[in-house]
Amino acid sequence: MQIKQRHDWNLTTSEAKIIQEELQKEVLTEDKFTEPVKYVAGVDMGFEANGTISRAAVAVLSFPDLQLQEQSIAKRATTFPYIPGFLSFREIPAVLDALEKINTIPDIILCDGQGIAHPRRLGIACHLGVIIDKPTIGVAKSLLIGKHQEVPQIKGSWQPLIHKSETIGAVLRTRSNVKPVYVSSGHRISLPTAIDYVLRCTPKYRLPETTRIADKLASAR
DNA sequence: GCGACAG
DNA sequence: ATCTTGTCGC
């Protein structure tokens, strides 16, 4: 797929912060995509040589049957350190490289990390979504910001994630008696719809099949 | 100032 | 993220 260069990636954290505030204005938290959804994609990152090399893997699955349709892997030198709140500046460059190699355009992309559940409401899922102007969902394995009530142990139950008296996402139980995941809107999708798709992409394990398959690709280097 | 802190 | 084996529980 073709990707437009939206901004420079060689930045200081203060410059990155300004870009986040600019891009945040473009984030859409409403459903703005066409159905039926035929393809969903997952992205996963890996690092080599003490983190100096970034490795991104993209897995495109058919929906709703979740069968691997296409895959791609991209490597490049890591240029940005891991700083909470600025994860996207470290991972997106390699992800874009991997996405450019794909021919099957996914209808929705599930990202490994937060969407709107971010200090400035621009987690990696939002950042990627705005850059490629595609629907994205943030599915994180741990909390960045926000508070929530205990989530019932039954699969499918969830609790709103609150930050500054604002609902920024959902703490969702994708598997009974297993640690929940943090779901939030990335771009062009609402929270209810995001929760629905995450559950439909999680038939058996805690994480969506999309990210699980992308993870295997990234590991089987 | 202190504690928290996606991957 | 990454370094790493076996082990407890459904």
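Only this structure's heavy atoms are used, side chains among them; waters, hydrogens and symmetry mates stay out. Here is how names work: the chains are called A, B, and so on, in the same order as the sequence lines, proteins then strands, and each is numbered from 1.
B/dA4 atom C1' lies 13 Å from atom OH of A/Tyr182, rounded to whole Å. Rounded to whole Å, the distance from CD on A/Gln114 to C1' on C/dA1 is 15 Å. Remark: P of B/dG7 and CD1 of A/Ile92 are 15 Å apart, rounded to the nearest angstrom. Rounded to whole angstrom, the span from the CZ atom of A/Arg120 across to the C1' atom of B/dA6 amounts to 12 Å. In this entry the distance linking CZ of A/Phe89 with C1' of C/dA1 reads 19 Å, nearest Å. A/Lys147 has its NZ atom 12 Å from the P atom of B/dC5, to the nearest Å. Atom pair A/Arg175:CZ and C/dG9:P shows a separation of 16 Å (rounding to whole Å applied). For the pair A/Leu128 CG and B/dA6 C1', the computed distance is 15 Å after rounding to whole Å.
In summary, A/Glu21 and A/Arg120 do not engage in a salt bridge, as defined by a charged side-chain N under 4.0 Å from a carboxylate O.
Ring-plane geometry between A/Phe89 and A/His127 is classed as perpendicular, the angle between the planes exceeding 60 degrees on a 0 to 90 degree scale with a lower cut at 30.
Using modelled atom types, one finds a donor on one side chain and an acceptor on the other under 3.5 Å when comparing A/Thr78 with A/Ser54.
Within 4.0 Å (heavy atoms only), A/Gly46 reaches sugar-phosphate atoms of the nucleic acid but no base atom. Counting any heavy atom pair closer than 4.0 Å across all strands shown, A/Ile145 reaches no nucleic acid atom. The residue A/Phe80 sits apart from the nucleic acid: no heavy atom pair falls under 4.0 Å.
For the pair A/Arg200 and A/Phe63, the cation-pi criterion (under 6.0 Å, within 45° of the ring axis) is not fulfilled.
A/Tyr82 qualifies as a stacking partner of the B/dG7 base, centre to centre under 5.5 Å and near-parallel within 30°.
Within the structure, a side-chain polar atom (N or O) of A/Ser142 is placed less than 4.0 Å from OP1 or OP2 of B/dG7. Residue A/Lys141 places no side-chain N or O under 4.0 Å from the OP1 or OP2 atom of B/dA6.
Under the 4.5 Å side-chain heavy-atom criterion for grouping Ile, Leu, Val, Met, Phe, Trp and Tyr, A/Leu11 is connected to A/Ile92 within one hydrophobic cluster.
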